[in-house]
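Here the structure is a predicted model, which is why all the values come from computation and not from measurement.
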Amino acid sequence: MATDGNEMGINTRLAHSGNNPHDYFGFVNPPIVHASTVLYPNASVMAARSQKYTYGTRGTPTTDALAHAIDALEGSAGTIIVPSGLAAVTVPLLAFLSAGDHILIVDSVYHPTRNFADTMLKRLGVEVEYYDPHAGAGIASLIKPNTKVVFTESPASNTFEVQDVPAIAKAAHETGAIVMMDNTWATPLYFRPLDHGVDISIHAATKYPAGHSDVLLGTVSANANCWKQLCETFYTMGCCAGPDDVYQVLRGLRTMGVRLDHHQKSALSIATWLEGQPGVARVLHPALPSHPDHAVWKRDFSGSSGIFSIVLKGGGQRQQHAFLDALKIFGLGYSWGGYESLAVPVFLGDRTVAKGPYDGPLIRLQIGLENVEDLKADILRGLEAAAAA
């Protein structure tokens with residue numbers, strides 16, 4: 001079916017959104033269209049560009065299928081598809097910022113976003129300022145006459161603070177600023193940013209939508225007020241994704257609900273268990289009642305994904321590395337959202353506001369699709385090694 005009603009269950013919507021099989025002779029998957037040149041029937045149509053597809057960079061049936069599926073999940077006016085999660089951050093920032101503008105970015109943001117802001121945006125004459133993830137409505141005191149964008153990410157990268165997104169959006173909109181949110185952690189299944197006042201929702205589709213650690217892709221979805229400007233910038237930059245990657249993400253989307261449910265259950269089981277383990281000072285998972293932002297998470301989110309962090313009880317880098325080196329199932333690798341469990345050391349040295357304090361070194365865990373008991377045994381190996389280091 002071509003459109004989806006919100007009254008249907010999420011797995012039904014994931015299975016059927018984005019394309020109508022009867023548009024393609026009944027085949028349930030859309031064609032993978034490899035396109036650059038598109039032919040026109042005559043000169044007048046070519047001059048007016050009055051046909052649906054005009055050139056490969058401006059959309060194909062393959063990209064439309066994924067974009068329409070994402071729109072159905074986000075409740076957005078339109079979605080662009082770009083080659084990576086980082087591109088999904090940079091394109092909208094370039095679309096809505098100019099020299100002399102001011103941007104507020106949450107201090108716990110994904111590091112590549114910070115790096116882009118501190119290098120490219122500053123070089124282009126944009127004033128960059130970071131704010132505390134718990135600012136909430138208080139962010140109003142940081143907004144300047146030239147503040148054009150407030151950039152949020154909730155829960156926070158690596159430390160998982162939950163922002164009061166509706167309060168931030170309300171304060172931003174009162175001064176005409178737009179709000180962007182990196183919602184990769186929750187996906188639109190567990191949090192719909194546009195329903196909470198956000199103007200532009202950003203996802204690294206590399207993660208849960210793709211789901212198999214083999215594709216790079218990003219999506220950016222906008223409300224009606226921001227869609228035209230976002231789309232025009234996307235066309236101007238020519239930052240389009242390849243059709244095979246787009247198709248792989250659309251394919252992954254069909255099973256995302258089932259996979260996310262498994263990630264969620266396994267991660268919560270392990271996070272709860274970790275709270276009682278010697279050697280663990282804190283578990284940073286917003287769905288745990290012990291998390292300081294649990295009430296905000298429970299108010300706004302309908303679920304949690306498979307990534308969280310732990311704080312070791314004392315020590316430093318030696319203990320952190322000993323934990324990581326002892327793991328046999330968890331891989332040491334960046335990204336997340338795939339089928340395999342991963343662990344990485346957390347670095348907070350780039351932050352200016354949200355630095356802690358924490359009782360010991362941090363480790364971020366991505367809980368994959370493996371058996372929970374096997375993962376617990378692997379984590380115990382890490383904790384024992386850290387204690388002995």
What's the shortest heavy-atom distance between Leu362 and Asn158, and which atoms?
-> CD2-O, 4.4 Å

Kindly indicate whether a cation-pi arrangement holds for Arg351 with Tyr130, taking the cut-offs as under 6.0 Å to the six-membered ring centre and within 45° of the axis.
-> no

Criterion side chain to side chain donor-acceptor pair (under 3.5 Å) against His203, the qualifying member of Asp182, Asn183, Thr184 | Asn183

Modelled atom types, side-chain donor and acceptor of Glu370 and Tyr339, under 3.5 Å | no

For the side chain of Gln163 and the backbone of Glu153, is there at least one donor-acceptor N/O pair under 3.5 Å apart?
-> yes

For the pair Thr233 (side chain) and Gln229 (backbone), establish whether a donor and an acceptor sit closer than 3.5 Å, ignoring hydrogens and angles.
-> yes

Taking atom CE of Met237 and atom CD1 of Ile80, what is their separation to the nearest 0.5 Å?
-> 9.0 Å

Pair His111 and Phe347, ring centroids less than 6.0 Å apart | no

His102 and Thr147 side chains, donor-acceptor separation under 3.5 Å | yes

Who are the salt bridge (Lys or Arg N to Asp or Glu O under 4.0 Å) partners of Lys144, not counting sequence neighbours?
-> Glu127

Taking the six-membered ring for Trp, are Phe301 and Trp185 parallel (under 30°), tilted (30 to 60°) or perpendicular (over 60°)?
-> perpendicular

So the side-chain hydrogen bond (donor to acceptor under 3.5 Å, both in side chains) pairs with at least one residue in residues 250-259 (sequence neighbours excluded) are Asn19-Arg254, Thr255-Arg259

Please check if any side-chain donor atom of Asp164 sits under 3.5 Å from a side-chain acceptor atom of His134, or the reverse.
-> no

